[in-house]
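What's counted below: heavy atoms across the whole structure, side chains too, no hydrogens, waters or symmetry copies. Here is the naming used below: chain letters follow the sequence lines, and residue numbers restart at 1 for every chain.
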Amino acid sequence: MPVETDFLDGLNESQRQAVQHFCGPLLVVAGAGSGKTRALTYRIAYLILNHQVNPENILAVTFTNKAAKEMKERIELIFAQRLAQEKEGERLELLPEHKQVKLRSRAYQDITKHLWIGTFHSLFARILRQDINKYQDPKGYQWDRNFTIYDESDAQSLVKNIVTKQLNLDDKKFNPRYLRYSISNAKNQGFYPEDVLAQQPNYRGRVISEVYQEYQAQLASNNALDFDDLILIPARLFSQNESILGYWHKQFQHILVDEYQDTNRIQYQLINLLATNGEPKKQNLNWENRSIFVVGDADQSIYSFRMADFTILLEFQQDFGDGLPDDDTRTMVKLEENYRSRENILEVANTLIENNSERIDKILKPTRGYGEEIYCYKAENEIEEGQFIRRQLLTLQNENPELNWGDFAILYRTNAQSRVIEEAIRDKIPYQIIGGLKFYDRKEIKDALAYLRLLTNPNDTVSLLRIINTPRRGIGQKTIDQLISASQELGVPLWEIIRDETSVNTLAGRASKKVNEFAKLIQRYQANLDQLPAVEILDGILSESGYRQDLQNQGTDEAENRIENLKELDSAMTQFAEENEDNSLEGFLANAALASDLDNLNEKEEKVSLMTLHAAKGLEFPVVFMVGLEQGLFPNRRTLDDPAALEEERRLCYVGITRAQEQLFISHAEERRLWGSREPAIPSQFLSELPEELVNYSSPPIKPRRQEKKDTKKDTGQNWQVGDRVFHKTFGEGTVTHVLGNGEKTNLAVQFPGIGRKIIDPKIASLELI
DNA sequence: TTCTTATCTCCCTGG
DNA sequence: GAGATAAGAA
Ligand SMILES: Nc1ncnc2c1ncn2[C@@H]1O[C@H](COP(=O)(O)OP(=O)(O)OP(=O)(O)O)[C@@H](O)[C@H]1O
């Protein structure tokens, strides 16, 4: 009999039904903020607790690394909580700090460490580390386990090199960016170069196909994979090799996918293969002790540019489910209550999304009542828009002391918009920008990583070329060209030439001494790769290569900054080694390649978050500013003549609105600077689609007050008692179960129905006695 | 070979 | 308007 598990208290009836689902397929569909992610997370815990499923038999796919990390933390807490009650007979948060730490570490060692939770890319990169040598490529390409993962800029420079150097095409006519995008799209549909040509039997198609072919050949000879390969190669490997598929099918008995509406066909194929072991007939499937559980919302599908296809979500019922009508089906659960947003915010979002024709209507009931008014502000230009944001932030923060800067988000369509906003708020308001230039995209970081990649994977010519003359060591373009053409003639990787002293001496002329010194340096570190911890390798190579010294000599602020960033790389490495119990260089490099800027978002830091609407998917904030609602910007210019693309923009807008919990500000400018020139801008069509009665188009008062709230006193002097009924801004109504400490140091343990027990400092959070 | 200056391209979204 | 890149000078 299943143990009754108190964490089910935090779920409504439909969520509970989803969480308690054990075997077979289940689709959870629901609008924004209805607790889909929570249901998925709790189900993982429930499988382990009540069905004794082994954590290593669970595969859960999230959309971002950050979401994966949070999910692991939640599960860890659930188990630590249970341990606390079993072993100590007490709630976790009421135990002394060191005991809490110990229990969490137990939960990590026993449970979460073994779970396979991550993005498609990180999970399947891990599988490839194990099995890529068994992959048989139809073209005969081969990779080994030390493969390097190329990020977008590596991939683009490879394409560019092919276009200009090898195929001698005009890169004006075929810009490498466009070609790279075409290749990526082809891969995300499982196409080989020949397929591209067959689909597009014209000059353009031939060029794309040729570049693609050469690109793939070079990836292989560099022993490198791009992001798309991390999905595509496992899919091909599983299709061609029954025993490998069988192994992973057996391993992953329970498969869960979050944000299922944004999976693409290849990702679907992977999930399908793992779930069915390649059995095509639905009726032959044996779901004993197995399940597939996906959650999603077709209205939040916003990644079609990455070949995501929300019809995959719509087809789940046919693919896996019983295919019965909604009233009778046992393989679909709908969640219809929204726990995140105020009623007016939700209504605005729902009204907007109804303008899409390609959709299935859903119910999404508010649970939180009307909140503050929604304002739409018309700014003169983008600078004045920034001023508006600044004014509002300062007033709101001033008037609502319970809000800290981390409770605000500013969302925009394109990264380029962040600049002006940053300028407007930087002197008064702490902020963090998510996206744009990623940490791992910075020049100095890429240089450092190139050294490290070269050590683990000497075939990685892209990295080799990046650092062979960085810092300047007198190895010029002519020398490099000589070496490259020799390597091409002999058909060996460039590194093979460079490390061979005699070849270098004949080829490199004056620079040969320098090349040999460089080769010796690299070889010395390669020899010590397994002996030294990763951090020491990094430090050593940065010093001995003269990289750090070179920066120090420059003495500029910029160089200072780069040195700081390199130090940060150092701590990132240490942190990675600790968190993952992995101090190998390979492990760290894979992690770095897959890292996204979103991973740096820290809610606990009290900073306003600036990010794109795409990056905000899955997040929530008490106060949201959605800015730049102008025709051509949002919806974006390129979508205006494509109805499907326009609908996706509208979904993006829906996502933006539904990030807000308490209050939403929308703004647009009448004039905006684009690439240096000023352009008039007309308001976004989405604005006219919002219900007029719920949006206030006049300027918000300088000192807006939270109206609905009764006076929340920040009661330091209040005498709190066990049993008091209280109201909290985020958690709602609850009951005080413990009063901890006294006087200035009083903390309260409050039990919130449906949420659990929280420790609250009444001096920081405003608690109302009711 | 490296540094400086003029010209060109680009920004829609990201693992 | 910035960052990348190509051409020209030291
Ligand atoms: N049963 C519940 N009772 C109260 N609050 C809940 C419940 N379920 C979820 N929540 C809260 O509602 C908010 C939204 O939950 P969650 O992120 O799981 O929703 P979601 O459906 O995944 O959202 P999105 O579609 O926007 O990603 C969270 O703050 C969560 O803590």
Find the distance A:R673:CZ to B:dC11:C1' and express it as a whole number of Å. 16 Å
Take the protein atom CG of A:D226 and the nucleotide atom C1' of B:dG15, then report the distance between them rounded to whole Å. 11 Å
For A:R678, is the CZ atom crowded, meaning more than 12 foreign heavy atoms sit under 6.0 Å from it? yes
Choose from B:dG15, B:dG14, B:dC11 the nucleotide whose nearest atom is closest to any side-chain atom of A:E152. B:dG15
Base, sugar-phosphate, or nothing for A:Y303, non-hydrogen atoms under 4.0 angstrom? sugar-phosphate
Quick one: is B:dG15 close enough that its OP1 or OP2 comes under 4.0 Å of any side-chain N or O from A:T64? no
Could you tell me whether the phosphate oxygens of B:dC11, OP1 or OP2, come under 4.0 Å of any side-chain nitrogen or oxygen in A:N636? no
Close residues, residues 465-479 of chain A, relative to DNA chain B [heavy-atom separation under 4.0 Å]: A:N469, A:R472, A:G474, A:G476, A:K478, A:T479
Quick one: is B:dG14 close enough that its OP1 or OP2 comes under 4.0 Å of any side-chain N or O from A:N415? yes
Between B:dC11 and A:R177, is there an OP1 or OP2 to side-chain N/O distance shorter than 4.0 Å? yes
Gap between atoms OH and P, on A:Y181 and B:dG15 respectively (whole Å): 15 Å
So, under a plain 3.5 Å distance rule, would you say the side chain of A:D228 forms a donor-acceptor pair with the base of B:dG15? yes
So A:L40 and A:M71, side chain to side chain contact (heavy atoms under 4.5 Å, CB included) or not? Walk me through it. CA-CA 9 Å; A:L40 188 142; A:M71 200 172 279; 3.6 Å; yes
Rounded distance in Å - CD (A:E259) to P (B:dG15): 12 Å
Rounding to a whole Å, what distance do you find between A:K446:NZ and C:dG3:P? 17 Å
dist A:L452:CG -> A:D460:CG (nearest 0.5 Å) comes out at 11.5 Å
Strictly by modelled atom types, are A:Q156 and A:S153 linked by a side-chain donor-acceptor pair under 3.5 Å? no
Atom pair distance, as rounded to whole Å: CD1 in A:I434 and C1' in B:dT13: 16 Å
Measure up the A:H614 and A:F305 rings against each other and bin them: parallel (under 30°), tilted (30 to 60°), perpendicular (over 60°). perpendicular
Which residue in the set A:R651, A:R359, A:R650 passes salt bridge (Lys or Arg N to Asp or Glu O under 4.0 Å) when paired with A:D299? A:R359
Give a yes/no on whether any side-chain N or O of A:S596 is located under 4.0 angstrom from OP1 or OP2 of B:dG15. yes
Quick test of the criterion, 5.5 Å between centres and less than 30° between planes. Is A:F305 stacked on B:dT13 or not? yes
Pairwise distance CZ(A:R265) to CG(A:L232) - rounded to 0.5 angstrom: 15.0 Å
Please give, in whole Å, the distance from B:dG14 C1' to A:Y412 OH? 14 Å
Starting from P on B:dG14, measure out to CD1 on A:I231 and report it in whole angstrom. 17 Å
With sequence neighbours left out, the residues meeting ring-ring contact (aromatic ring centres under 6.0 Å, His included) with A:W143 are none
Starting from the 5' end of DNA chain B, give me the residue, A:L598 or A:T639, whose nearest nucleotide shows up first. A:T639
